[in-house]
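Order of the sequence lines sets the chain letters (A, B, ...), proteins ahead of strands, with each chain counted from 1. Note that the structure is a prediction, hence the values are computed from the model and not measured.
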Number of protein chains: 2
Amino acid sequence: MSQDWRERKKARTRERIQREALRLFGEQGYDETTVTRIAAAAGVSHTTFFRYFPTKEDVVLADEYDPLIEAAMRSRPDSEDLVERVRNAMAEGLAAVYAADRDALLARVRLLLSAPALRSRLWEQMQSTQALLERSLAGTDDPAAVPMRVRVVASACLAVLTTAITTWGDEGGTADLPELVDEAFAQLRAELS
Amino acid sequence: MSQDWRERKKARTRERIQREALRLFGEQGYDETTVTRIAAAAGVSHTTFFRYFPTKEDVVLADEYDPLIEAAMRSRPDSEDLVERVRNAMAEGLAAVYAADRDALLARVRLLLSAPALRSRLWEQMQSTQALLERSLAGTDDPAAVPMRVRVVASACLAVLTTAITTWGDEGGTADLPELVDEAFAQLRAELS
DNA sequence: GCTAACATGTTAGCCACTAACATCCTTCTC
DNA sequence: GAGAAGGATGTTAGTGGCTAACATGTTAGC
């Protein structure tokens with residue numbers, strides 16, 4: 001009971017900052033919105049902003065997806081080959097997000113596509129997702145022990161997923177994303193046979 | 001004749017800045033080396049530094065590879081399928097750099113692997129390389145006219161190339177890079193059949 | 001109530017990067 | 001060969017992301 005009030009207040013402050021930030025980004029663009037401005041809109045100082053989000057980019061890119069993917073990877077049977085396992089795990093995680101949150105996902109993707117700084121940050125995050133995939137596929141915790149074959153698969157699958165999501169965002173979210181992802185994987189397979 | 005002296009002087013200044021920068025990065029690390037320090041070592045002011053290189057990252061990432069790849073893509077016969085064309089073009093461009101410049105390439109790769117800021121910048125550059133590949137494969141100049149199939153191929157091939165180069169750098173450059181790239185493509189193909 | 005813990009604000013500063021202006025040096029013209 | 005024009009450079013000052021130090025207020029546990 002003791003810490004509850006504090007935790008809840010902190011969570012609300014965090015949400016307020018994020019909400020105001022996304023609103024301002026949408027209204028005036030990412031680069032044109034300063035951290036100080038966001039902090040003022042949320043009623044805090046810019047130092048407090050940085051106590052909640054280590055960088056400006058993190059307001060957009062709070063990574064909730066890695067745990068999803070990790071769990072999905074664990075539920076994949078060993079009978080599937082490497083690509084199938086990654087493909088299905090990503091599809092599973094994505095389906096959950098997509099069903100719950102389609103519009104928010106689209107807004108986020110479009111923001112990401114609009115600001116170079118955000119895109120580079122995304123790449124960094126994907127690097128950690130890739131490391132996760134590799135460890136999971138290779139069944140080891142030592143990054144140096146991952147064979148190149150596994151790294152090739154992980155990076156290629158992520159590239160395909162990214163391409164599908166990017167295409168989806170470029171088209172304004174008109175298509176069905178899970179279908180697009182399926183299609184993208186099928187296309188790669190078709191090109192390589 | 002008139003402008004020659006000026007041009008040559010500028011070229012020398014540019015090289016001096018770059019040389020000193022790479023030396024300092026090697027000695028004390030990328031993040032630990034400030035632009036002002038580099039400028040001082042090169043005997044110029046920090047504003048002059050930025051007149052030669054738009055960002056600190058650009059000292060490391062002057063992109064000479066895209067033109068190579070573009071030329072190589074043009075020399076590929078239409079009889080090859082998409083993946084083969086990209087694969088061979090990249091192999092051709094890489095072979096040239098590798099033969100001429102192996103040690104410099106290795107040093108650069110290792111620097112890239114060491115600094116997150118540089119890596120994200122690399123991703124941005126790869127985005128432009130990917131766009132180039134897509135246009136070349138699709139035979140169009142309109143990015144919106146590129147079918148997803150082509151984008152999937154381009155992004156996956158780049159991912160494979162990057163994985164091979166990264167592996168090479170991680171292993172200290174002991175392997176033969178062109179061979180590694182070949183192997184990486186073969187592995188992806190093997191996993192997808 | 002008192003004290004320890006903690007969230008926040010203020011201030012000052014670093015660094016990448018930019019703009020404005022003055023200076024100097026080359027180059028071109030007469 | 002003197003002077004004007006143009007370009008390269010330095011100085012200064014400023015912005016924005018981000019950090020550290022310290023002071024203050026607010027809550028938690030006794």
Original post:
Which word best sums up how the rings of B:H46 and B:F50 line up, parallel for under 30°, tilted for 30 to 60°, or perpendicular for over 60°?
Top reply: perpendicular
Original post:
Who passes side-chain contact (heavy atoms from CB on, under 4.5 Å) against A:I69, sequence neighbours left out?
Top reply: A:M73, A:T129, A:L132, A:L133
Subject >> Nearest-Å distance for atom pair CZ/C1', residues B:R14 and D:dT9 >> reply: 17 Å
Subject >> Opposite nucleotide pairing with D:dC30, Watson-Crick or G-U, both atom distances under 3.5 Å >> reply: C:dG1
Subject >> Distance test, side-chain N/O of A:Y52 to OP1/OP2 of C:dT8, below 4.0 Å >> reply: yes
**OP:** Classify the nucleic acid contact of B:F53 as base, sugar-phosphate or nothing, counting any heavy atom under 4.0 Å across all strands shown.
**Re:** nothing
**OP:** Take atom NZ of A:K9 and atom P of D:dG25, then tell me their distance rounded to the nearest Å.
**Re:** 14 Å
Original post:
In whole Å, what is the span from the CZ atom of B:R8 to the C1' atom of D:dG7?
Top reply: 18 Å
Original post:
Rounding to a whole Å, what distance do you find between A:E7:CD and C:dA7:P?
Top reply: 8 Å
Original post:
Given B:F25, which of B:L118, B:D31, B:V60 fulfils the side-chain contact (heavy atoms from CB on, under 4.5 Å) condition?
Top reply: B:V60
Subject >> Heavy-atom protein contacts under 4.0 Å, nucleotides 11-21 of chain D, coded B base, S sugar-phosphate only, - none >> reply: BB----SBBB-
Original post:
Do the side chain of A:R102 and the main chain of A:G173 share a donor and acceptor less than 3.5 angstrom apart?
Top reply: yes
Original post:
From B:L105 CG over to B:Y65 OH, what is the distance, rounded to the nearest 0.5 angstrom?
Top reply: 5.0 Å
**OP:** Tell me, please, whether B:F49 has B:K56 positioned over its six-membered ring: NZ or CZ under 6.0 Å from the ring centre and within 45 degrees of its axis?
**Re:** no
Original post:
Hey, are B:E124 and A:R119 close enough for a salt bridge, meaning a charged N less than 4.0 Å from a carboxylate O?
Top reply: no
**OP:** For DNA chain C, determine which residues of residues 17-28 of chain A have any heavy atom closer than 4.0 angstrom to one of its atoms, and list them numerically.
**Re:** none
Original post:
Does the pair A:D58 and A:R121 meet the rule for a salt bridge (charged side-chain N to carboxylate O under 4.0 Å, His left out), with working shown?
Top reply: CA-CA 9 Å; A:D58 281 299; A:R121 192 67 160 75; 2.9 Å; yes
